[in-house]
Amino acid sequence: MLDAQTVEKPLTHVKSEADLRKEVDASGQWTVAQIEALFALPFNELMLKAQETHQTYFPEGDVELATLLSIKTGGCPEDCGYCPQAARYDTDVKAEKLMGLEEVLEAAKAAKAAGSNRFCMGAAWREPKDRDIEKVTAMIKGVKALGLETCATLGMLEADQAQALSEAGLDFYNHNLDTSEDFYRSVISTRGYQDRLDTISNVRSAGMSVCCGGIVGMGESREQRAAFLARLANLSPYPESVPINHLVPVAGTPLADQKPLDPLEFVRTIAVARITMPKARVRLSAGRQELGRAVQAMCFMAGANSIFYGEQLLTTGNPEAEQDRALLAELGLKTKQSCKAEVLV
Ligand code: SAM
Ligand code: DTB
Ligand code: SF4
């Protein structure tokens, strides 16, 4: 089924969704080998294919701006090897209490005034307690009343918690698969891959849109990157928002000394995400400060159409809003004012 994002008369040189689907196997699933074959295309061919897909599904070519706020920082009991907020790693992040409602609403107002579309509240929890859910639902209602789209990322969710967030009006819930199932084991031990899939399923069943992606550049192989994208693309339906984070190596975490991924491989990852999840918002997430303007421009060509906007992610830095506005203006990219009409099938 086509949605509002799909052009009525597709350009004749671009592939229809039916054609794209012919690239998946008989069961309608992407195989890892098919995704590896996309990665292995000559660079220009891959970029053209991604750009064609992007133009078909997002004819407006606009970029969504999402602002993050860490509503509960640090002190997390989990052992995610990349994360500065895990209590067990000696990083500069200090544990703080859950923020108050007024402070959150002030930050949301500032994000809206700066032109943001979506406000995402992040908490360094393994999972929220029911009393946390009550406090966060008040935040969701307040942020929504400002006319912003709402997103939250609070760790694992039970079905009734997802339902409560949905009833409060939460539009998106972010919970990442982070990487392929086999590489996952070398990065995180305190929660399993299936736990993540269960949370995503609870979010879907509660009627919210899914924001789910991961991190590249943690030392995984190309095959593992392909397997990670296959898991995302084979979710039924695939996520509406796909944040692709480039690892930000943080001193004190196990991945502090990880060698950076080749920037062209990062661009390829974005292109493959666009081709395999044609209707999703593919978001350039953590690590943009290190990418520089030229690599970011290539990522937009490869089909990225969302960014985290504002000078802070959760605990690490992000480009200044003014710098991002200048880059988008220079590239002639419009920003998205509202994603409300954008309900995917
Ligand atoms: N505690 C919740 C959870 O784990 O779902 C929500 C917050 S957690 C910080 C959200 C995501 O941020 C992680 O799944 C990971 O993809 C990303 N992230 C955390 N630290 C990162 C880093 N150093 N570099 C890149 N991405 C990172
Ligand atoms: C996501 O995939 N990336 C964002 C958001 N979802 C919550 C978080 C990035 C965090 C980067 C490290 C930090 O700033 O603490
Ligand atoms: Fe905790 Fe989330 Fe960081 Fe993992 S990624 S340590 S769950 S805050």
Side-chain angles (χ1 to χ4, degrees), residues 66-89 91-96 98 118-128 132 136 150-157 161 172-179 183-184 187-193 195-200 202-203 210-220 228 232 239 241-258 260-261 266 273 280-291 306-319:
T67 297
L68 268 174
L69 178 69
S70 180
I71 58 170
K72 159 71 184 88
T73 303
C76 184
E78 298 286 88
D79 72 348
C80 310
Y82 46 76
C83 187
Q85 305 202 68
R88 67 190 69 205
Y89 306 137
T91 69
D92 288 343
V93 175
K94 293 194 181 59
E96 290 170 20
L98 180 63
R118 186 180 302 180
F119 194 69
C120 178
M121 294 163 270
W125 288 321
R126 171 181 164 80
E127 72 259 294
D132 299 322
V136 175
T150 51
C151 179
T153 181
L154 316 170
M156 293 186 286
L157 287 186
Q161 296 179 318
F172 287 80
Y173 192 80
N174 167 246
H175 198 69
N176 291 338
L177 288 182
D178 271 343
T179 186
F183 190 70
Y184 182 93
V187 183
I188 301 159
S189 76
T190 48
R191 84 171 74 155
Y193 214 69
D195 294 323
R196 294 187 179 245
L197 292 165
D198 291 347
T199 290
I200 293 160
N202 288 338
V203 170
V210 170
C211 173
C212 181
I215 313 181
V216 294
M218 296 195 289
E220 74 285 349
F228 155 61
L232 288 178
S241 274
V242 179
I244 304 290
N245 298 276
H246 186 298
L247 175 73
V248 178
V250 179
T253 63
L255 289 173
D257 298 322
Q258 184 58 47
L261 186 70
F266 185 75
R281 284 271 167 191
V282 175
R283 181 173 311 119
L284 293 184
S285 303
R288 269 196 315 117
Q289 269 182 328
E290 292 72 23
L291 292 182
S306 177
I307 56 171
F308 279 126
Y309 177 65
E311 57 239 39
Q312 176 90 353
L313 290 164
L314 292 174
T315 65
T316 62
N318 199 40

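Counting begins at 1 with the first residue of the sequence. For the numbers below, each heavy atom of this structure counts, side chains included, while hydrogens, waters and symmetry mates do not. Note that ligands are numbered from 1 as they come in the structure, with each ligand's atoms numbered from 1 the same way. Remember, predicted model here, so these are calculated numbers, not experimental data.
- Contacts between Thr316 and ligand 2, counted as non-hydrogen atom pairs separated by less than 4.0 Å, involve both the backbone and the side chain.
- At a threshold of 4.5 Å between non-hydrogen side-chain atoms, the residues Leu98 and Trp125 count as touching.
- The protein heavy atom nearest to atom 25 (C) of ligand 1 is Ala286 CB, 3.6 Å.
- Closest heavy-atom approach to atom 3 (C) of ligand 1 among the candidates Pro84, Gly155, Gly287: Gly155.
- Residue-level proximity to ligand 2 for Val250 is absent, since no heavy atom of it falls below 4.0 angstrom.
- When only modelled atom types and interatomic distance are considered, Tyr82 and Asp178 share a side-chain donor-acceptor pair under 3.5 Å.
- Only the side chain of Asn245 comes within contact range of ligand 2, with a heavy atom under 4.0 Å; no backbone atom does.
- Distance check for atom 20 (N) of ligand 1: a protein heavy atom is found below 4.0 Å.
- Using a 4.0 Å heavy-atom cutoff, Glu78 is absent from the residues neighbouring ligand 1.
- Neither the backbone nor the side chain of Val93 comes within contact range of ligand 2; no heavy atom lies under 4.0 Å.
- Look at Cys83 and atom 3 (Fe) of ligand 3: an N/O/S atom of the residue is under 2.8 Å from the metal.
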> Between Lys72 and Asp132, does a salt bridge (charged side-chain N to carboxylate O under 4.0 Å, His left out) hold up when you go through it step by step?
Replying inline: CA-CA 10 Å; Lys72 159 71 184 88; Asp132 299 322; over 6 Å; no
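- Counting heavy atoms closer than 4.0 Å to ligand 3, residue Arg126 contributes nothing at all.
- Protein heavy atom nearest atom 16 (O) of ligand 1, with residue, atom name and distance: Asp178 OD1, 2.7 Å.
- Contacts between Thr153 and ligand 2, counted as non-hydrogen atom pairs separated by less than 4.0 Å, involve the side chain only.
- Of the options Thr253, Leu68, Leu154, Thr153, the smallest heavy-atom separation from atom 7 (C) of ligand 1 is shown by Thr153.
- Remark: the backbone N or O of Gly310 is not paired with any side-chain donor or acceptor of Thr67 at under 3.5 angstrom.
- Annotation: atom 7 (S) of ligand 3 to nearest protein heavy atom, Arg191 NH2, 3.0 Å.
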